[in-house]
Amino acid sequence: MEDITKELLYTAASAFSFDGQCIGLSQNTEGHINDTTILTYCDQEQEKRYVLQRINTGILYNPEELMDNIVRVTAFLKEKIAASGGDPQRETLTVIPTKDGKNCFADEQGNYWRAYNYIENTICYDKPDKPVYFYRSALAFGRFQNLLADFPVETLHETIIGFHDTGKRFVQFQQAVSDDLAGRKHLVEQEIEFLLKREAYTKSFDDRTDLPARVTHNDTKLSNVLFDRESGDALCVIDLDTVMPGLSLHDFGDAIRFGACSAAEDEPDLKKVSFDKKMYDLYRQGYLEACQEQLTKREIELLPMGAKVITYEQALRFLADYLNGDIYYRTQRPEQNLDRTRTQLKLLADMERMI
Ligand code: GN1
Ligand code: MG
């Protein structure tokens, strides 16, 4: 974010068809990947907010295809939401086009920017303080799956090739171990061994019988759901950067990995970290309530494996990044990727006993 000057921001903002005059901006540092600014505009004495994001093209290296996925998926959702009497402006994201009608803006420095409407009167949670929020997020992600069940999945771009290819993540992890770029390997021998011993997880979904390609979100963290401040209902699924063809099991698993955990993803004190089976059951219940009729028998059977595989994969990714010197995930402190790794390992060990 440091390299984003006000000038750069204003140039980007002026490329979009926002209504009125910009009267304020604030940074939002929640995400690990993109740079997010909230812009306040005033139009005929009415204030309106927008989300302006610089897409991290180091990671999301296909911004145009990514935006094409998002625009088509949100348009599809909007139709279904409207048809069922919902509010298409609040229940899914609205992409604001550039003044020349594009889905994103490429500036002279090669930065890619995109903009959304800011959805007012909402809140999101980093940790499920109350189980009911987690349950409601399951309804939201299940609904997302359900509404998109008849979207032509084969027309979506695979914007990050092999995103949940656990075998490929394993190979990248092995590479990070052997390169030891940051000279940290000697600090994490135990963690490395834990992961190498469990290589079998990379093959869990190799037999794709009855595991159809679905429109998947691929980042189903609780914090990617907006809740309505008044009703407390899960309103809108956000962060659609990784919407791609994928497996429902990965979406289910990622939600569990994040939400059925007693502590934050980067909690340094492992005594506070454990897998919460009650939360798992609650999420499973909500998810199935919302999309059971779309899922095959085999998908339902493999839900627990989805949770384990994705937790394993996330540990591979965090530890590889720690070994590589924190070049992928944004960090605020030197040991953060290691803490993130350890929480995943603790969770996985618990899951192996409990589900
Ligand atoms: C990243 O966008 P954000 O920060 O929620 C990552 C996910 C990880 C997550 C871990 C494109 O998500 O895959 O599960 O961090 N996104 C990408 O918190 O790599
Ligand atoms: Mg994301």
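Just follow the structure's listing: the first ligand is 1, and inside any ligand the first atom is 1. Just so you know, residue 1 is the first one in the sequence shown, and it goes up from there.
When non-hydrogen atoms are compared, ligand 1 lies under 4.0 Å from the side chain of R257 (C-beta onward) but not from its backbone. Neither the backbone nor the side chain of R340 has a heavy atom within less than 4.0 Å of ligand 1.
Contact annotation: Y329 has at least one heavy atom less than 4.0 Å from an atom of ligand 1. Heavy-atom distances between R330 and ligand 1 stay at or above 4.0 Å for every pair. Ligand 1 lies nowhere less than 4.0 angstrom from a heavy atom belonging to D241.
Residue D239 places at least one N or O, backbone or side chain, under 3.5 Å from an N or O of ligand 1. Considering backbone and side-chain atoms alike, R317 places an N or O below 3.5 Å from some N or O of ligand 1. The N/O atoms of T242, backbone and side chain alike, include none that comes under 3.5 Å of an N/O atom in ligand 1.
Ring orientation note: the planes of H250 and H164 are tilted relative to one another, at an angle of 30° to 60°.
Look at D266 and R333 and you find a salt bridge, because one of the NZ, NE, NH1 or NH2 atoms lies within 4.0 Å of a carboxylate O, short of that distance. Salt-bridge check for D165 with R169: failed, with every basic side-chain N at 4.0 Å or more from each acidic carboxylate O. With salt bridges taken as basic N to acidic carboxylate O contacts below 4.0 Å, one links E299 and R214.
Interface of Y328 with ligand 1, defined as ligand atoms under 4.0 Å from a residue heavy atom, comprises 11 (C), 17 (C), 19 (O). Ligand 1 places these atoms under 4.0 Å from at least one heavy atom of K221: 3 (P), 4 (O), 5 (O), 9 (C), 10 (C), 12 (O), 15 (O), 18 (O).
E293 CD: more than 12 foreign heavy atoms inside a 6.0 Å radius.
Between Y283 and F252, a ring centre-to-centre spacing shorter than 6.0 Å is recorded.
The list of side-chain hydrogen bond (donor to acceptor under 3.5 Å, both in side chains) pairs with a residue in residues 41-52, not counting sequence neighbours, reads R49-E120.
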